[in-house]
Amino acid sequence: MKYIVVCEKVVPNVANIPPNGWKENPKTGEYTLDRSVLDNEPDPLARQAFYAALNVRDRLNKDIKIITITMGPPMAEEILRDSIAVGADEAVLLTSKNFAGADTRATAYALAQGIRKTEEVLMDGAGEYMIFAGKEAVDGDTAQVPIQIAKELGVECIAYAGGYSVNGNSLLFHRMTEYGRETVSPLKTPCLVTFISHTHARFRNFARTRWSQREKEIYVWGPDEIGAKAERIGGRGSRTQVYNIFTPPKKETANCIFPKSIESAVDLIEQAYSGKIKLSKAEEEKGELQKYTLNGRESEYRGDVWIYAEQYNGKLHPVSFELLTKARELADTLGVKTGAVLTGKNIDPLAKDLIDRRADKVYLAAHDLLDEFHPTHYTNAVVQTIDKYGPPQILLVGATPLGRELAPAVSYIKDAGLTADCTHLYIEDYKNRKGEVKKTGILVQRRTALGGNIMADIMTKDSVMQMATVRPGVIKACSPHLDWKGEVEKFSPKLLPDDTKIKVLSREHFTNTGGIEQAKIVVAGGMGLKNSNNFTNLLADLSEAVSNRFQEKVEVGASRRAIEFKLVSTTCQQDRGCQIGQSGKSIRPKLYIAIGISGAVQHTEGVKNSEIIVAINNKEEAPIFQFADIGLVGRAEEIIPQMVKCLNNGMGG
Amino acid sequence: MFNENKYREMDVLVIGGGPAGLATAIHAKERLNEVAPEASVVVVEKAEDLGRHNLSGAVFRSECLDELLPGWRDEAQSELDEFAATGGKGKLSFPAELLANKIEKEDLYVLPSEKMRIKAPVPPEMSHENDHTVSISKLVKWLGSVAKSKGVEVYPGFSVEGIASTDGAVKGVTLANRNRDRDDLFEPKELLSAKVTVFADGARGPLTEQLIKRYNLRGGKNPQMYSVGVKKVFEVSSDNPFGRNRIAHMIGYPLPMGVFGGGFIYSVSNRIHVGLVMGADAKYCDLDPQVELERLLSHDWVAGLIKGGRAIASGSRIIPEGGFYSFPDQTVNGGIIVGDAVGFVDMRKIMGLHYAVLSGISAGEAIFYSTKSGDYSKKTLKDYYLPNLETRKVMEDMRKARNYRQVFQKSFGPMLFPLHRILPKIKVSEDHHYISEKKINHKRPADATDKATLALLSGTMHPEEQDSHIRILNPDICRKCVAKYHDADAGMESVVTPCIKACPAEVYAWNSDEERIVISPGNCQHCQFCAIRCPLEVLEWSVPESGGPKHKEC
């Protein structure tokens with residue numbers, strides 16, 4: 001490998017929205033995000049990819065040339081010059097108003113064309129390069145573009161690399177999957193790698209900065225220079241269209257419940273965790289049945305409503321049932337059937353489970369190569385299922401790590417629009433401003449963007465089917481209907497080991513791999529724990545009990561103060577990996593338990609996306625209680641042992 | 001091809017992209033264009049972007065810009081006229097906005113308590129007639145863009161660590177190491193060399209302080225005296241309840257008797273800036289500027305003005321107040337000091353902004369003549385710098401105010417006040433010598449925001465993995481400090497030391513288990529008030545590798 005191309009992006013800094021970032025509409029009283037007051041910055045994950053490229057160059061071969069590329073407005077040049085100042089050798093800016101309004105598909109195409117041109121002009125055309133990108137950008141957080149670039153270029157994609165190691169002259173990547181970690185080796189260049197890791201930042205060098213500001217030439221190309229077809233870029237090349245943007249309803253201050261006893265608190269946590277009750281803040285589909293009806297008209301798209309049923313080790317992922325529930329509702333509204341696509345090796349027994357959740361058809365694509373998740377084989381299997389039995393008019397995929405790797409590839413191959421991480425889906429007619437119905441019975445795909453600060457309604461256009469990934473946990477799965485009748489279609493897709501140029505060297509299986517930021521349950525301690533003994537022992541006891549109760553790995557975090565006061569382990573004191581808050585890690589677990597943390601804004605900023613927040617604090621007036629869903633007032637040393645007891649008892653009973 | 005060393009050499013190197021540094025750079029570049037158009041003028045600034053580390057009241061006397069940027073006023077005025085003619089559509093450029101914020105109403109109030117206010121006449125020496133209110137962050141951002149358009153090279157995001165000198169002459173500076181603590185990523189220090197280095201690093205500038213020490217520039221002078229200024233910016237409804245183009249100064253509440261300082265409220269467009277200035281020589285060891293600001297904000301009148309408004313920014317800084325008798329020598333071989341780093345502040349009005357610009361212009365002149373003669377010696381620089389400061393009346397104002405602040409430090413001060421202009425030099429000691437064990441026990445008002453919120457509103461951020469830029473030289477001494485200033489009967493849960501109280505952003509806390517001060521450098525506002533208030537001189541504040549506040553409005 002002689003070159004690394006890094007895909008960068010300029011994004012608004014949505015992690016630190018200044019207080020005047022929200023403008024009130026005096027008429028409606030609604031707040032909208034004023035993007036002009038946000039700072040622009042390089043996308044942090046793309047920067048991680050860039051730092052990884054620099055580290056690879058330092059460790060593997062000093063002669064590797066790093067070329068950074070971005071598509072964006074002319075001011076994006078500033079960020080490219082920054083990259084040069086940090087250590088990139090060349091920079092390419094794709095800019096033109098014709099690129100604007102692009103969805104992930106049109107963006108991926110333009111960047112792929114840019115990379116092709118870069119190969120020709122800057123990389124002597126021998127294909128000896130890798131492409132590094134961030135897993136997703138903070139403003140759109142779709143994680144679709146890199147995978148689609150790989151599909152457009154016809155190269156392999158190694159998604160979610162959390163690190164790499166140098167093995168002789170080659171690179172091994174450690175990638176996170178939903179169920180563990182894989183070490184993979186690319187057998188061929190070019191290939192594309194997306195990064196999730198947080199390596200140490202690199203800085204600009206003064207001499208390079210001055211050089212890049214004064215003399216360094218940057219390549220600025222428009223559609224003509226990169227040979228991009230007009231019908232494939234910008235709005236024209238897009239397969240989705242945003243037609244409605246609004247601000248999510250202001251998060252109500254949580255109405256913290258103070259249970260009378262620790263037993264009832266644990267009970268409440270369990271009910272909330274299992275979805276039996278919803279606490280105020282949890283994002284949720286309304287659950288009301290759709291009133292929409294086609295009234296004899298034909299819908300814009302034809303075919304059934306399908307879901308992709310994710311399974312692992314002979315067990316279905318719960319999101320599959322959530323998707324089926326939604327699919328049933330959509331199919332009934334459209335007057336069509338539901339279908340579930342299942343890929344794997346020994347998957348026959350799972351068909352029944354899917355039929356029990358009211359699937360009309362179950363498509364089993366079984367093959368030895370599908371034993372473990374492999375993006376290329378899985379993509380091919382799903383595409384072949386669609387070709388053989390479809391296309392459906394809607395295909396829903398869970399927005400799990402697996403789903404978010406699979407769906408973009410399938411959508412790119414099938415030339416279908418895809419909306420990532422939807423929280424709400426329903427059928428509606430699309431009307432223009434005058435109120436005329438332009439499209440009948442389309443799927444409205446609602447999602448949040450800009451770090452959850454805006455919501456958008458998106459529809460598919462110019463496609464054979466409408467695709468969306470759906471955030472797990474937002475739909476309440478229906479209970480099994482044991483008398484439901486469905487058909488099973490089984491076939492063996494045509495797959496060859498040589499279809500992929502990535503070799504999986506080893507797999508480790510464990511739930512939850514992404515550390516505290518990806519954790520589903522986080523238990524964190526603050527100054528209220530007083531000393532490191534308390535911190536270590538109480539948190540360990542509680543984590544273990546919670547972990548056993550919910551069958552989920554629990555990560556331990558700490559407030560900034562707790563780290564500075566050295567309550568935490570030495571490792572965390574050094575790398576601050578467990579620090580939660582504005583200046584540490586932002587987390588979004590399903591369950592967050594804060595112990596002895598008062599709840600200064602800087603801390604709450606980092607945990608506001610948690611679904612259920614439980615606070616234990618001996619001060620009733622602690623700000624954390626204004627923020628928490630469930631509160632327990634008292635000393636941690638007394639409360640935690642009792643909680644542990646309740647949690648363990650629950651196991652037996 | 002890229003030759004690294006070539007890019008580390010320049011003709012004029014300005015440390016600090018504030019008003020003084022940018023004025024120096026702009027004027028030097030403009031004048032050098034006459035004799036050496038290829039001469040490079042480079043500004044380095046520690047903030048990520050220009051203006052982000054600048055905070056001031058601020059009231060600005062704009063005439064200094066007429067010399068720096070001839071024609072700016074007419075241009076801004078015509079934009080303003082057009083704006084008015086079209087009924088105020090669109091957005092004003094910075095200079096036009098500056099002109100629009102002319103002070104038209106000025107009040108002085110005595111606040112005897114948290115409920116009362118008494119109007120007092122504004123003494124002529126405090127008058128701000130013809131002045132403008134301004135956001136210094138915006139002023140600096142604008143000056144930066146002007147500088148770039150004139151060919152000045154401006155590089156924000158670089159922290160300077162040390163001075164490079166040989167044979168008694170300054171030759172340049174070294175930049176702070178990056179990734180100090182990471183062996184694998186360690187990037188060596190860069191040495192920037194220049195024919196002349198301009199020290200424009202602001203109040204208690206770490207580089208200037210090094211320079212003063214190295215060349216003993218303050219020999220026989222008073223030590224510098226400081227106050228801290230803490231402020232909050234409120235966005236209020238368009239019918240600004242305080243009134244546009246208005247400023248007010250307040251004395252009395254919330255500060256206790258005998259403590260120098262006071263409050264201010266300035267209108268800047270539809271924003272209200274409320275701030276409090278408090279002397280670093282305050283005798284109460286537990287006096288807390290952030291609490292005092294919150295107390296001011298809870299004063300009936302002030303609270304009424306900001307009711308319904310939103311706090312959108314906050315921050316703190318120190319003000320060099322020693323004046324004329326505290327000035328260090330302002331030149332060395334190959335070096336020149338400008339602005340707040342010298343301490344050009346007129347204490348009668350507590351104004352320094354235009355003196356910063358005027359000193360920058362004067363330094364620009366001196367650099368021009370030195371370049372012409374190829375002689376950057378202390379003598380040549382001084383021979384052109386000082387007369388230029390004189391012709392711009394900087395020194396005249398400084399001499400008039402020379403004892404103004406000092407009289408407040410003496411117990412007999414108020415009696416001497418009418419005589420301050422004719423008294424000989426009043427000797428003072430460093431501020432921390434005046435701190436006593438006395439406590440005032442002022443409580444944060446109910447509902448008032450805390451220090452973490454101040455830090456949040458300033459946007460301050462320092463990468464957690466970098467070494468602390470604040471160091472305690474000897475932790476044992478801190479225990480002595482606690483023993484002296486903390487009242488053990490009050491319990492060890494909330495320990496009082498001058499540094500814990502001084503910091504407006506909760507950088508300091510006491511860990512009672514380990515009996516030590518714990519530092520959270522991430523919150524730092526870069527004001528350095530902690531180090532000034534440390535009675536035992538064990539706090540060392542240095543420039544962090546990166547990070548700091550992100551002021552946009554302050």
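Both backbone and side-chain heavy atoms feed into the values below; hydrogens, waters and symmetry mates do not. Just so we're on the same page: letters track the sequence lines, and every chain starts at 1. What you see is a predicted model; the values in this text were computed from it and never measured.
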For residues [X] and [Y], determine if any side-chain heavy atom of one lies less than 4.5 Å from a side-chain heavy atom of the other.
X      : Y      : value
B/R8   : A/N205 : yes
B/Y7   : A/R214 : yes
A/W211 : B/K6   : no
A/R210 : B/V42  : yes
B/E48  : A/D39  : no

Give, for atom CZ of B/R516 and atom NZ of A/K566, the distance between the pair rounded to the nearest 0.5 Å.
4.5 Å

Step through the shown structure and confirm whether more than 12 heavy atoms of other residues, nucleotides or ligands are within 6.0 Å of CD on A/E78.
no

Does atom CG (B/N5) have a neighbourhood of more than 12 heavy atoms from anything else shown, all under 6.0 Å?
yes

Which bit of B/E9 is near chain A, if near means a heavy-atom gap under 4.5 Å: side chain, backbone, both or neither?
backbone

Heavy-atom distance under 4.5 Å to chain B: side chain of A/R208, backbone, both or neither?
both

Heavy-atom pair with the smallest gap, counting every atom of B/E4 and A/A207
O-CB, 3.5 Å

Select all residues of residues 524-534 of chain A having any heavy atom within less than 4.5 Å of some heavy atom of chain B, and report them by number, or 'none'.
A/K530, A/N531

